[in-house]
Amino acid sequence: MQNLLNGIPLWWYLAVSAALFCIGLYGALARKNAIALLMGVELMLNAANINLLAFWRYLAPTSSGGLAFAAFVLVIAAAEAAVGLALIIAVYRITRSIDPEKLDQMKL
Amino acid sequence: MNPDLPVLIVLGAVSVASALGLLLSRNAIYAALFLVLNFGVGAVIYLVLNAPFIAVVQVSVYAGAIMVLFLFVIMLLGAERLSPGENPPGMSFQRPLAIALGGVLLGLALYVLFVRQPPTTATALADSSPMAVGLSLFGPYLFPFEVVSILLLVAMVGAVVLTRNR
């Protein structure tokens, strides 16, 4: 592979980030606890950020667009956590449960 | 031999292992702490990628603020116990289907990583100081920056409205 940086190939970062994304996706789909589900989503956002920064560093280091978009992803993760946890608290007040399997109605 | 390579192999192993720990732990507190470890390792990977500003923001925002929020909600709701995931009845076809589709995805990823010729690497040194990030945020990325700030405002108002006591 020719794209090495300090002896590290680009695919190394992509493989780690793909593994993190898959684990996060499984967590978001399979957990029976809404908080663990949100943690899976955070893991996926983090994996996307590793991808963004690796591509920025290896392929376009002269522009700072990769850094700007990584910062945007961090902001969106913060907003998602705030709204997600607020939703979990609001649903828990009504149903006394945080099992996403039990939330199968649009109207509570 | 470059000293970065073994460091990065250890970092990747710890990162994936902490993600698996998050997935497998039966206690939500432990899962959250595994996630903190994962974010810490992610910050070190950002440092290796020459992005110190993002690494520091990652530690303070993710590992600091967001995880405190998660732990607070877990303890507030008393939701420490995580039950194991199990297949609902009537969904037995999903497992072989998921394995087949996952195999296709893995094959595609391996093909892209190892067979196709990757683009060549730019060798210029990156300027990743906070000043460069700020200049790009308020320069070429001003419009996305404004959109994200509105998103944050909406999220804040939404969180307040959703948790309001009626």
Side-chain angles (χ1 to χ4, degrees), chain A residues 1-8 10-16 18-20 23-24 26-27 30-33 35-36 38-39 42-43 46 49-50 53-54 56-62 64-65 67-68 70-72 74-83 85-90 92 98 101, chain B residues 2 4-5 8 12 15-16 19-20 22-23 28 31-32 35 38-39 42 45-46 49-51 53-54 57-58 61-62 65-66 69-70 73-74 76-77 79 82-83 85 109 113 118-122 124-128 132-133 135-137 140-141 144 148 151-152 155-156 158-159 162-163:
Chain A
M1 301 286 286
Q2 63 268 62
N3 42 359
L4 293 166
L5 200 71
N6 301 333
I8 302 151
L10 174 59
W11 66 263
W12 187 92
Y13 293 102
L14 302 186
V16 170
L20 288 183
I23 295 170
Y26 182 80
R31 293 316 286 266
K32 302 265 241 161
N33 182 317
I35 296 174
L38 271 185
M39 287 188 207
E42 297 288 340
L43 209 56
N46 198 33
N49 237 353
I50 291 178
L53 284 177
W56 162 74
R57 182 75 188 88
Y58 277 76
L59 301 180
T62 46
S64 46
L67 290 169
F72 290 147
L74 282 171
V75 172
I76 289 167
E80 172 260 328
V83 173
L85 290 171
L87 268 175
I88 290 172
I89 291 178
Y92 182 81
I98 53 167
E101 299 259 325
Chain B
N2 193 294
D4 275 6
L5 193 57
L8 270 172
S15 181
V16 173
L20 284 175
L22 160 73
L23 200 61
L35 195 55
N38 190 283
F39 288 155
I45 291 178
Y46 297 159
L49 281 170
N50 199 11
F53 175 67
I54 301 293
V57 171
Q58 163 103 351
V61 172
Y62 254 131
I66 294 183
L69 203 60
F70 267 90
V73 171
I74 291 169
L76 181 72
L77 301 185
L82 296 175
S83 55
L113 283 179
T120 50
T121 309
L125 194 64
D127 182 11
S128 56
V133 179
L135 281 177
S136 72
L137 280 183
Y141 299 105
V148 157
L151 178 84
L152 258 188
M156 193 176 75
L162 281 172
T163 50

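Within every chain, numbering begins at 1; the chains are lettered A, B, ... in the order of the sequence lines, protein sequences first and strands thereafter.
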State, yes or no, whether a side-chain contact exists between [X] and [Y] at a heavy-atom distance under 4.5 Å.
X       : Y       : value
V75(A)  : L152(B) : yes
L85(A)  : T163(B) : no
Y62(B)  : L74(A)  : yes
S136(B) : L67(A)  : no
M39(A)  : I74(B)  : yes
L76(B)  : Y92(A)  : no

Treating R31(A) as the side-chain partner and L23(B) as the backbone partner, does any N or O pair qualify as donor plus acceptor under 3.5 Å?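 It does hold such a pair.
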What are the two closest non-hydrogen atoms of [X] and [Y], and how far apart are they?
X      : Y       : answer
I54(B) : A70(A)  : CD1-CB, 4.0 Å
A51(B) : W56(A)  : CB-CZ3, 4.2 Å
A54(A) : L49(B)  : N-CD1, 3.8 Å
V16(A) : G12(B)  : CG2-CA, 4.0 Å
L53(A) : Y46(B)  : CD1-CD2, 3.3 Å
F72(A) : Y141(B) : CZ-O, 4.1 Å

Side chain, backbone, both or neither of [X] within contact of chain B (heavy atoms, under 4.5 Å):
X      : value
E42(A) : both
I50(A) : both
A19(A) : side chain

Do you know which of G42(B), S15(B), A132(B) has the most heavy-atom pairs under 4.5 Å to chain A?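 Greatest number of close heavy-atom pairs with chain A: S15(B).
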Please classify the contact of [X] with chain A as side chain, backbone, both or neither, using a heavy-atom distance under 4.5 Å.
X       : result
V16(B)  : both
A65(B)  : neither
P144(B) : both
L69(B)  : both

Could you state the interatomic distance from OH (Y13(A)) to CD1 (I45(B)), rounded to the nearest 0.5 Å?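 Rounded to the nearest 0.5 Å, the OH-CD1 separation comes out at 7.5 Å.
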Which one wins on heavy-atom pair count under 4.5 Å against chain B: G27(A), A78(A), A81(A)?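 With the most close heavy-atom pairs to chain B, the winner is A78(A).
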Flag for N46(A)-Q58(B): side-chain donor and acceptor within less than 3.5 Å: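 Side chains of Q58(B) and N46(A): pair found under 3.5 Å.
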